[in-house]
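Data first, discussion second: the structure below is written as structure tokens.
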Amino acid sequence: MVTLGHFLLFSGLLMAVGLYGVLTRRNLIAVLMSVEILLNAAALAFASAAAFREPHLFAGQIFALFIIVVAAAELSIGFAILLNVYRTHGAVTDDAISEMRG
Amino acid sequence: MTLAVIVLLAFGGMVLALIAPSFDERPAVLGAISGTVFGASLLMGLLAAHESGVIYGAVVMGPLTSAAIVLLSLVGLLVAAGAAIRKGGFALGSGEVHALVMWGVLGGILLVASAHLLMFYLALELSAYSTYVLVGYDRDRRFGTEAAAKYMILGAVGSALLLFGMALVYTETGNLGYTGIAIELGGNPSALARGGMALMLVGLGFKLAWVPFHAWAPDAYQGAFPLMAGFLSVAPKTALALGIVVLLSRAFGGSESVMAQWIGGLALLSVVLGSFWALLQNDLKRLLAYSTIVHMGFLGLALSTASLTGYTAVAYYLAAYIVTSLGFFFALEALEAEGLPSTLESWKGLGRRNPLLGVLLAVFVLSLAGVPLLAGFLAKLYVFAALAAAQAWAPLVVAVVMVVFGYYFYFRILAAVFLEAPAEDSPELAFSPTAFSLLVLLALAVVALGVWPQPLLRWLQAAVTAVM
Amino acid sequence: MSLTAFYALAAFTLVFAVFAVTTANMVRAAFSLAITFFLIAGLYLLLGSPALAAIQFMVNASAIPIMTLFIIMMTRSRSSGAPRTWQIAAGLLAAAAALVFFKGAVGHHDGQINPVSPELLGSNLLQAALLPFEVASVLLLLAMVGAIALARRRSG
Amino acid sequence: MIPVLIFLPILAAAFVGMLDDPRAEAAKRTALGVALFTLLMSLWAYATYPIPFGGFIGELKFDWLPLVGSRFHVGFDGLSLPFAALTPLLTAVSVLASWRKTDKGFFALMLLLQGALVGVFAALDLVVFFLFFEAVLVPMYFMIALWGYEERRYAAVKFLLYSLVGSVFMLAAIVATAYLAAPALGRVSFDYLELVSATGYLANLPAASWLFWGFALAFLIKLPAVPLHTWLPHAHTQAPTAGSIFLAGLLLKMGGYGLIRFNLALFPGELERFANLLALVALISIVYGAYVTLAQSDLKRLIANSSVNHMGYVLLGIASMTAIGIHGAVYQMVAHGVITGLMFLMVGLLADRTHTREIAAMQGVYSAAPKLGAVLWLALLGGLGLPGLAGFLGEFQSLWGGFLAEVTRPYVWIAVFGIVILAGAMLWTIQRVLLGRSDSNLDDLSPVEVAAAAPLVFLAVLLGLVPAALTPWIDAGIQPLLTMVQEVFK
Amino acid sequence: MSYVELSYWIPLLPALGFALLALGGRSFPGRGSGWFATAVMAVVAVLSLGLLHDVILAAPGWNLAALLGGHHEEALIKPGSPDFPFRLEWTWLAIRGEAGIPLVIYIDSLAAVVTAMVALASLFIHLFSIGYMHGEERYPTFFAYLQLFSAAMLAFVLAGNFFHSLLAWEVMGLMSYLLIGFLYKKKTAQQAQKKAFITTKLADLGFMLGLFWLYLLIGNFDLADLGSGQNLLAIGTGAAAAVGLLVFIAAMGKSAQFPLHVWLLDAMEGPTPVSAMIHAATMVAAGVYLTARFYPLLLFGGVLWVVALVGALTALFAAVLAPAFADVKKILAWSTVSQLGYMFLGLGVFGWAAAMFHLVAHAFFKALLFLGSGSMIHGAATQDIFEMDRLKKHMPWTYWTFLVGALALMGIPPFAGFWSKDLILHAAEEHAPLLWLIGLLAAFFTAFYTTRMIVIAFHKPAMESPWKAAEWTRGAPWLNLGPEEAEPDPSPPAGHHPHESGAEMITALVALAALSILVGFWGSPIFGYGLLTLVYRGEMPELLPASKLMTGYVTGTLVALAGAGLAWFWYSADPLKQRAPLWLTAALQRRLYIDEFYYKVLGALAQAPTQVLAFIDRYLIDGLVDLAGYTSLVISSLLRHLQSGRFATYAFYMLLGALALYVGGAR
């Protein structure tokens, strides 16, 4: 039988994948994609918790809904910024945006 | 009133965003509108102090909300006015900045007023997105886009972690409302819930720039316009700090709570590492970023006591920090407007080129350092008092030692301003009356808060008492 | 049955997710991301929430990958550079860390899925979460305005 | 009256800062006027102090930070009045000594310093005390850093940070004291007089030692006591003349004053417990300070180091915890303020003329400029503790008191040799700088400079011969303290 | 109004005179400042003589016969006035709960006598200086110093509180410092003044410590009842000895007793009236006076023998060294050291009154001798007795007055020194025969060097000074100065003819000659030991019946005559003949290398830590401070590498942070 534990662990695994992506990807778009995975994993965690734990209000599912929407908004801003980066730096890689340090 | 403020700011932002393209040549009009809206919301915030109750289970009305409205509206008002320092509006002729600031402020207010994790999340993102855009606002500014990209990506990671945290807490408690969480969590949260709280703290700490979640801050400050950096250094901080006060007192338990202890640890780390990092900075905005980290560390120390004294200290610290930090960033803005980049090097001899400016700068910098009779000193004093009241001796001692480091790097600024001779061919510095009057106003506020903080304190204490 | 479905969906999702974060070819990554999200929509169905599944399908599995492809094209980033060794180490560590946080989930054996109809979800959304809903709309507006502002050609 | 003494100079500083005054003509006159006016006021307060009754005069308190438990509480007693009167006097002297300066900022800083210093000596609330204690640092930093000699930046930063290290620990101790004493007082209070009434309670706190050292560290740095003294030679040497006068005359006094006012009054038990250690530090300061003085080749640095020796007597007197020893400590502080102020004044004027501070580069100053030479001679002799000048009475009483207490007695036996070593240093200096033939022409003292030196010379002699001008005030100030201390020990 | 009530004017007047001269001395025309100062001293002299008169009237009278017969109890024939000794008291430094330091003037017979002595001697020294210092650049300053010097000594004598004794004592130290270095451009003067100050200051530590201890024991500094039985009981024998010896160290320093005598010879760098001031009326006398005041403690503590021993050895030591010198002032300086040794010997062998008598007598005749030598130097333009050209012929007044002083010094009857010195020797004979022999030997040498001086300076024509070119006299090793640093003593310019001094100087000489004769008689048995019975304080072993006296007197006179005769015999024949081996002469002239030992060994030892400590100060302590700051900066620059600029690192920090919170915060 599928339990909350299954879903949560799966969500954790997705989080692991997403984090791996965030840390290893050198193209910023790919990083944002990894972030998307993270957000999806979180949404999934909410939704599953709601499905198993909260039979009446489904606040978690609503939360998941919001996450999906907000993630889209986030991505649009992110891409706008990355476009500007591309314009100023000629590339959207982590090498391009490591000038400021120390 | 609270609801009215929310609506006012939301629609104000919309109106500003809509009309912005028509006023590319006359940004002052947008500034005036924005200022008027913020002025109105400030007054309404004062009126909202006696309200109580919850709107749609998500927004709490009450003294603390009112305080948040007032403080954040003040920030908005000042930023709206500060936008006039550059006559041409950021050399880009665009007024969306006012809308973004307004929505950012709205997000901040909702953050404090929130009674629900969903609301909290949305409010957080509202205030975060506006700052992402503000940092990368000038698309031709090399550092600006770099900083915005880093800030945005890290912010997204941070909010993802925050979401995981909330999800875990939700899993354990089955609740998103603060009250429910508090009831379910009880005195000893489970491992999963603790993990959730830890992950949540990453998201919160990220916005407050606590070490080790701080790393975006120096870049973001350095890359942004000084005005934006100023906004960044006060508005999200004010919202988050007060928001954490609410979270701590309503959802995550009393003084013994794990969260408070963690905050103490992060704050201590911020104070220490931030101070070390700041020692050798030569870019003023970067220096100020580290200084913010240190200040947020002090603030976090007060938060970690989870006591009335501590929360009052937090509130006062914020008020003091708003006027001081904005003052300094306005000065930076004014000087950048005069073609003076925000580096120690270019600030050499400023005090001789324009003595009055030197004095104003000194007021802000000394307040940041915590010199008596200025707001910054009392802020620190309150933090120390809170720590003493909580018998947290070790943090107290560490904190006071780091004050010494603070003096070192703040006095480096003063040394450049007053002790160095200006470059040979530097002309007399004269800058706009707007900038001048704003700076004087803020400097007076810094002094006033340092000398006669009593009314403000009483008000703030009443506000935080309400959530205890 | 549902267990088999879950494992199958989960396994495929993970495979595509891993592929999405490891492949050097960005276009392929975007496609596999779309598939990942599509499969997640399946999981939402499994959770008894068709509304979520639908939205997941429309937004995450469709709109976002398309947007991503656009941006990949616009920035001419067809491939992502190979990660540095320390990045891989850090990434693995981070992945392990993520699991640490979720290790407490193993003990959750609540097995009863409560399905939720789109109507219920919708009415809840507009009643209990009305204010967040409004705020979210402001948020979207902000994102729009922000994206426009970032992309606008300045007069200066 | 006290608010006027504190805030009039500060307001005047703001006024001076705003003057359009490129030659600082109006600034220096304003500064002098304010200093003289406040001097008259404080002298009046000094003269009208009801010695037989003791206690505090001009007391003023109003709620300032009630949420923290702090009040703006100021007042003068016999312990603070001498310093409160010395402050405007030395300000006036410094203004006169800087008559050739053309920066209004310099005079504004002096006024700021004056106000803050009076605040330090008047404060009867620990927060208010700290506030002024700290506020002194900033103008001093700028005075050194802007108008000092070649290594001014280094010296200024060192002064600032070194002092700060002490004062932040004191701040921690202040806050901790107030909160730890709260159970005894029923509320959190930073009020000095209230805390003093809880001395018995404080004595039994396990943290008492920590609190004691929190205060003591700040004051020992300010004093300064070896090995916490190394900021002093830099700061004194690099500071402009007026800065050196302020430093030596008043800033160091904050240390001794604080030790008596706070360490003795609030933690007598701890003071007694650590008397041995403090006496050892005092002894080292005296002997070591004298030896290091002997080794200096820079005239200002030499005088600076002699202060280490002088202030060692202060610490010795305090560590003895006898009435006579504490009398000696206070007397020595005032005397040191007058005499070392005079030394720095003269050396500053001399260095301005010779454009060097190297002793080796000077000779025969007395024959070249007899007035300057004579006054410097007098000052240097005063510095070695010459009887008939103020310093002798201070040193004598400190040692005398030290001898009466069993703890400090062994140290006195050795400390007296510091007198001879320092005498050697001073005499050698006199020989090298003042005596012999001069091959250069030096301007002798101008009337303004004579006016600057005259009050100090007068005071040095007066306090050397007529202790009644000071002792009764000290007595009125410290006897209540001692009575209270005795009660605690009972 | 009695003189007692006016007594505070005695020190106050010259002090005011000092203030006036120091501030406005240059406004006096010509010698005006000198005359002014002298006038002040004249008033002081009148006051002090008046005081002496009051005291003599008020003091108890003694039956001499009973005293000589040893019946001390029955000897009182006239009780002292009830308010005698006089005491004036003011509040000075008052500390609640402590005796503090009241300002006390305490006038007993001794104080009155010494006051009068100081005032008179000082008066004539002032008078002499008017002429002697004429043409000096800092003429008014000189008189200002003399005034303060006198004031300090008078205050010291009259002080009824030991603190004020110390104060005045130290001021005297200062004035001697200033006056020795009066010719401040001379390197030797600078060194000498420093040496004098440091030596006496070092000794003064004993005074201070003694006072502290005394206060600890009896709770005050009062002079009056120091010796009362109650106090002595409170003090106890051991402490009494310790306090007494501590104070005696100070006295040794001030009175230049071996081994602290080294400063006194070099004090000759000052102008001659200064030497007279230091050696006669003030300064050196203070040490003796102080020891006399602490006599009860020394007696009770049983350590008088130390005083006696030091005194006797010094007396002999100085008298032996004196004949090796050619500088008239230095010969006289040695004689001072020697005579002071006699006084301490007297005190040490219970001859308290005799020592006081010798103090007074010596003050006058030594002032006379020094002023006489000043007159000689003034006339002959040299200090070297060999370079003086038959001064008897050229300066008859000087010669005869000087001779009076010299005879007094030698102890030839009936001059002052004879009466006083022999009384000391009587006491020594009674109590310490060995020291008596030493004293006699010293008397022999005294007569010897005095006669040598007179013969060579006054009777012989000028000749080449024998050791001027000697290798060992080059430089001033006793002042730690090399040959190039020390200027050799000037010889008279070619063709210089000695001449008699001016009227003021002669007047002073004559007056002092008369006084030294008079005072000798006042204390002599012929006039019933007037001076001694005046200061009588209960025990006088030196007073002997006439029958017993004669042998002593005859012995003393014979010894003196023998010394004088030998000197006459040798030096009137051939003054330049080298009678001692050269090495001995060299050793004596270099003062047996004691000074050099002090400089090279003790001085070096005392200074040894200087550079080490300065190094520690600069590089170790300060270095540590700088290191702390520097370390912070290094740490800072290292930590800055953490802020790598790469967002992946930053994200990693965030995750690590979360993990650390979770793991670290787990309970």
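To find a chain, count down the sequence lines: A is the first, B the second, and so on, and within it residues start at 1.
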Contacting moiety of C:L130, where chain B heavy atoms sit under 4.5 Å: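 Only the side chain of C:L130 comes within 4.5 Å of chain B.
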Contact class of C:Q127 relative to chain B, heavy atoms under 4.5 angstrom:
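The backbone, not the side chain.
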To the nearest 0.5 Å, how far apart are [atom1] in [X] and [atom2] in [Y]?
{"X": "B:E96", "Y": "B:Y137", "atom1": "CD", "atom2": "OH", "result": "4.5 Å"}
{"X": "B:L100", "Y": "B:F231", "atom1": "CG", "atom2": "CZ", "result": "9.0 Å"}
{"X": "C:N25", "Y": "C:F31", "atom1": "CG", "atom2": "CZ", "result": "10.0 Å"}

Within 45 degrees of the axis of the six-membered ring of C:F101 and under 6.0 Å from its centre: does B:R194 put its NZ or CZ there?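 No, cation not above the ring by the 6.0 Å, 45° rule.
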Does anything in residues 163-180 of chain B get under 4.5 Å of chain C by heavy atoms, and if so which residues?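 Those residues of residues 163-180 of chain B which have a heavy atom under 4.5 Å from chain C are B:F164, B:L168, B:T171, B:E172.
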Side chain, backbone, both or neither: which part of B:A193 has a heavy atom under 4.5 Å from chain C?
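Looking at B:A193, nothing touches chain C.
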- Query: Side chain, backbone, both or neither: which part of B:L110 has a heavy atom under 4.5 Å from chain C?
  - Reply: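 The side chain, not the backbone.
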Check the pair B:E336 / B:R141 against salt bridge (Lys or Arg N to Asp or Glu O under 4.0 Å), numbers first and verdict last.
-> CA-CA 14 Å; B:E336 276 203 3; B:R141 217 173 149 104; 3.7 Å; yes
Decide salt bridge (Lys or Arg N to Asp or Glu O under 4.0 Å) for B:E146 and B:K150; before the verdict, give the C-alpha distance in whole Å, the side-chain angles of both, and the deciding distance to 0.1 Å.
CA-CA 6 Å; B:E146 174 181 338; B:K150 279 191 217 175; 3.2 Å; yes
List the atom of B:V60, the atom of B:T65, and the distance in Å for their closest heavy-atom pair.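 Scanning both residues completely, I find the closest heavy atoms to be O-OG1, 2.7 Å.
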Closest non-hydrogen atom pair between B:G31 and B:A80, with its separation =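 Scanning both residues completely, I find the closest heavy atoms to be O-CB, 4.0 Å.
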